[in-house]
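A short write-up of the structure that comes next.
What you see is a predicted model, and the numbers here were worked out from it, not measured in a lab.
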Amino acid sequence: SPIIRSNGLYVREYFYVRDAVDAYLALAERVPEFAGQAFNFGSGETLTVLDMVQRILEAMGKTSIVPTVLNQAVHEIPEQALDCTKAERVLGWTPRHRVDAG
C-alpha cells in the first residue's frame, strides 16, 4: 500500500510534468526580457495528499488498496499553492492538463 508520512490532510498543488516542461520552455524562450524575475508555475488545483493517492489508485484500478498513514511528518506547511497569474499574463502560459488527465 502507498505510505503517507503525514496525516494525509496537507494540501498541495499537484502539477503534471509536461506542463512544467512547457512552462520552463516558455520562460527560457524569453530569458533576456525577463532576466532576474521570478515566475510561479502550477496547476491551480489543490488536493489533500489522501485525495491525490485515491485518484492514483482509481486510475490504476486498485481502489481496494488502503494507504498506510504514518502521521509522522513534522514542520510541514499545512497548505501550499502558487499564484500563476504572472506567468499567464506575461508569458501567456497556462497549464494544459488537469490533475486527473495527467
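Residues passing the side chain to side chain donor-acceptor pair (under 3.5 Å) test with Thr48, sequence neighbours excluded: Asp51. Qualifying salt bridge (charged side-chain N to carboxylate O under 4.0 Å, His left out) partners for Glu76, counting only residues two or more places apart in sequence or in other chains: Arg5, Arg12. With sequence neighbours excluded, the residues that form a salt bridge (charged side-chain N to carboxylate O under 4.0 Å, His left out) with Asp22 are Arg96. With sequence neighbours left out, Glu45 forms a side chain to side chain donor-acceptor pair (under 3.5 Å) with Arg98. With sequence neighbours excluded, the residues that form a side chain to side chain donor-acceptor pair (under 3.5 Å) with Asp100 are Arg55.
Both Leu57 and Leu47 sit in one connected hydrophobic cluster of ILVMFWY residues. Membership requires side-chain heavy atoms under 4.5 Å apart, directly or through other members. When hydrophobic clusters are built by joining Ile, Leu, Val, Met, Phe, Trp and Tyr residues whose side-chain heavy atoms come closer than 4.5 Å, directly or via intermediates, Met60 is grouped together with Val53. Note: the hydrophobic cluster containing Leu9 also contains Val99 (ILVMFWY, side chain heavy atoms under 4.5 Å, direct or indirect links).
Using a 4.5 Å heavy-atom threshold, the side chains of Ile65 and Pro2 count as touching.
By the 4.5 Å side-chain criterion applied to Ile, Leu, Val, Met, Phe, Trp and Tyr, Tyr16 is assigned to no cluster and stands alone. Side-chain contacts under 4.5 Å among hydrophobic residues (ILVMFWY), followed directly or transitively, place Phe39 together with Phe15, Tyr24, Leu27, Phe34, Phe41, Val90, Leu91, Trp93. Through side-chain heavy atoms spaced under 4.5 Å, either directly or across other Ile, Leu, Val, Met, Phe, Trp or Tyr residues, Leu70 is tied to Ile3.
Distance check, rounded to the nearest 0.5 Å: CG of Asp19 to OG1 of Thr94 gives 8.0 Å.
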Show me the donor-acceptor pairs, under 3.5 Å and distance only, between side chains in residues 77-85 and residues at least two apart or in other chains.
residue : atom : partner : partner atom : Å
Asp83   : OD1  : Thr85   : N            : 2.9
Asp83   : OD1  : Thr85   : OG1          : 2.4

Could you go step by step and tell me if Val49 and Val69 meet the side-chain contact (heavy atoms from CB on, under 4.5 Å) rule?
-> CA-CA 10 Å; Val49 174; Val69 179; over 6 Å; no
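Pairs passing the side-chain hydrogen bond (donor to acceptor under 3.5 Å, both in side chains) check and including a residue from residues 58-70, sequence neighbours excluded, read Ser1-Thr68. Among residues at least two apart or in separate chains, there is no ring-ring contact (aromatic ring centres under 6.0 Å, His included) pair with a member in residues 63-91. Sorted by first and then second residue, the salt bridge (Lys or Arg N to Asp or Glu O under 4.0 Å) pairs with a member in residues 25-43 read Arg30-Glu33; sequence neighbours excluded.
Residues Pro95 and Gly42 approach most closely at CG-O, 3.5 Å, considering heavy atoms.
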